[in-house]
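Provided herewith is a single structure, encoded as structure tokens, for subsequent inquiry.
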Number of protein chains: 2
Amino acid sequence: MLQKKWRMTNQRRVILEELRNSKEHLSADELYMRVKKKLPNVSISTIYRNLEELAEQGLIRKLGPQSIQKRFDANIQPHFHIRCVKCGRIDDVPFSMVSEVSQAIRKTTAMVEKITGYDVLGYHLEFLGICPECRKKEEKKERERNGR
Amino acid sequence: MLQKKWRMTNQRRVILEELRNSKEHLSADELYMRVKKKLPNVSISTIYRNLEELAEQGLIRKLGPQSIQKRFDANIQPHFHIRCVKCGRIDDVPFSMVSEVSQAIRKTTAMVEKITGYDVLGYHLEFLGICPECRKKEEKKERERNGR
DNA sequence: TTATTAATGATAACTATTTGCATTATAGTA
DNA sequence: TACTATAATGCAAATAGTTATCATTAATAA
Ligand SMILES: [Mn+2]
Ligand SMILES: [Mn+2]
Ligand SMILES: [Zn+2]
Ligand SMILES: [Zn+2]
């Protein structure tokens, strides 16, 4: 498991610092503006590279979509989804299966509104996992590694 | 509330048809490939325009991220988020406030795995709403409309 | 101090999506 | 049916966010 060596550069330190000093959930370009005040020559690609790296190391969290492209569903009945983190495929999770979950969520709405000050309009719940096809592929790889 | 007239064009009909015929959750370009087989001259921008339009009309559902850009959080403690659908701002929802929800979700994991065939790794829960600032703006607009 | 190589800055490339605009075609009306 | 207003289209160019390339710099360990 030879892992590459980790260097704490000036840029990396300031990026982490600025993100930690902010109560907001900054986007790459917002963070870029702030880091530039400390390090005027910093490049936007350094911001992106470090955000990826820091998220991979578990020092920060990447919010929102991992895949960039939108998907569409002709089934407008209430149901949930599970997305494969390997290939991006999306499958259905029937509403009935998690109706207690949505009940529990609805029960918290008033409290969430009170604490956050938002008008809560709804929520978005999505499961993440590895689809059967991707699991088979991984198992095959594993077998080849061991069996060789 | 003068709303513009709705025309059921050939392209729109086929786009909806193809999405309905598919059990998958198609992306714009996947759908484009399928529609092209029926309408070889169709344009990718027609696909995009119609998906937006159909979603707005409630005939289909747009999955995944509404905002395109990623955001980052230096707080790696377990907590949830609420996103303003008007301005994209993200605020925290403390874990304690929805711990029953996450308990309920964990309880369903085995069932979700059984039905979908996925290995469930986790989930993503995000509340949607209107932030205090955007509400104020809306209220002001409303007053101006009425008061005039 | 020196050698190794991770990381950087500048820029080009890329992907998904949106926009501008001249042209076409739908739906309502005569 | 023919006419008309304008919604919608096809094509191309533009945009946004992000990722890749590569010569150069600088952090670490010996
Ligand atoms: Mn679905
Ligand atoms: Mn947060
Ligand atoms: Zn998969
Ligand atoms: Zn807002």
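In the text below, chain A, chain B and the rest are named by the order of the sequence lines, each starting its count at 1.
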Notebook entry, point to check: Once you build an axis from the first five pairs and another from the last five of the helix from C:dT1-D:dA30 to C:dA30-D:dT1, how far apart in angle are they, to 10 degrees?
Noted result: 30°
Next item on the list: Could you pick out which residue, B:Glu53 or A:Ala28, lies toward the 5' side of DNA chain D when each is mapped onto its nearest nucleotide?
Entry: B:Glu53
Next item on the list: Let me know the distance between OH of A:Tyr32 and P of D:dT18, rounded to the nearest Å.
Entry: 14 Å
Checklist line | Side-chain H-bond candidate by donor/acceptor type, A:Asp73 with A:His81, under 3.5 Å | finding: yes
Notebook entry, point to check: At what distance, to the nearest 0.5 angstrom, does CZ of A:Arg83 lie from CG of A:Asp91?
Noted result: 12.0 Å
Note to self: What is the distance, to the nearest angstrom, from the CD1 atom on B:Ile44 to the P atom on D:dT9?
What the structure shows: 13 Å
Check: Are any of B:Ser45's side-chain N or O atoms less than 4.0 Å away from OP1 or OP2 of D:dG10?
Finding: no
Check: Heavy atoms, side chains only, cut-off 4.5 Å: are B:Leu51 and B:Lys62 in contact?
Finding: no
Margin query: Each nucleotide in nucleotides 22-30 of chain D should get exactly one letter: B, S or -. Can you fill that in based on protein heavy atoms under 4.0 Å?
Written below: ----BBS--
Item checked: Separation of B:Phe72 CZ from B:Asn75 CG (nearest 0.5 Å) -> 15.5 Å
Next item on the list: Look at the side chain of B:Arg12 and the backbone N and O of B:Thr46, then say whether any donor-acceptor pair between them is shorter than 3.5 Å.
Entry: no
Item checked: Length of the CG-P vector between B:Leu54 and D:dA7, whole Å -> 17 Å
Note to self: In whole Å, I'd like the distance from the NZ atom of A:Lys70 to the C1' atom of D:dG17.
What the structure shows: 12 Å
What side-chain donor-acceptor pairs closer than 3.5 Å can you find for residues 13-20 of chain B, not counting sequence neighbours?
| from | atom 1 | to | atom 2 | distance (Å) |
| --- | --- | --- | --- | --- |
| B:Arg13 | NH1 | B:Glu17 | OE2 | 3.1 |
| B:Arg13 | NH2 | B:Asn10 | OD1 | 2.2 |
| B:Glu18 | OE2 | B:Lys38 | NZ | 2.6 |

Notebook entry, point to check: In chain order, what residues pass the side chain to side chain donor-acceptor pair (under 3.5 Å) check against A:Lys36, with sequence neighbours excluded?
Noted result: none
Note to self: Output the rounded distance in Å from CD (A:Glu52) to C1' (D:dT19).
What the structure shows: 9 Å
Item checked: Start and end of chain B contact along DNA chain C [non-hydrogen atoms, under 4.0 Å] -> C:dA16 to C:dA27
Margin query: As an exercise, state the distance from CE of A:Met111 to NZ of A:Lys114, rounded to the nearest 0.5 Å.
Written below: 9.0 Å
Item checked: B:Gln69 CD to D:dT19 C1', straight-line distance once rounded to whole Å -> 16 Å
Checklist line | Gap separating the SG atom of B:Cys134 from the CD atom of B:Glu139, nearest 0.5 angstrom | finding: 11.5 Å
Margin query: Between B:Glu138 and B:Lys86, does any side-chain N to carboxylate O distance fall below 4.0 Å?
Written below: yes
Notebook entry, point to check: Taking atom P of D:dA8 as reference, at what distance in whole Å does atom CD1 of B:Ile47 sit?
Noted result: 15 Å
Notebook entry, point to check: Could you give the CD-to-P distance, from A:Glu30 to D:dT18, as a whole number of Å?
Noted result: 11 Å
Notebook entry, point to check: Looking across every strand, which nucleic acid part, if any, lies under 4.0 Å from A:Asn50 by heavy atom: base, sugar-phosphate, or nothing?
Noted result: sugar-phosphate
Item checked: With A:Glu53 via salt bridge (Lys or Arg N to Asp or Glu O under 4.0 Å) - residues at least two apart -> none
Next item on the list: Remember a base hit wins even if backbone is also touched, and classify A:Ser27 as base, sugar-phosphate or nothing at under 4.0 Å, heavy atoms.
Entry: nothing
Notebook entry, point to check: What is the distance from atom SG of B:Cys84 to atom CZ of B:Phe127, rounded to the nearest 0.5 Å?
Noted result: 15.5 Å
Notebook entry, point to check: NA contact type, A:Asn41, heavy-atom cut-off 4.0 Å: base, sugar-phosphate, or nothing?
Noted result: sugar-phosphate
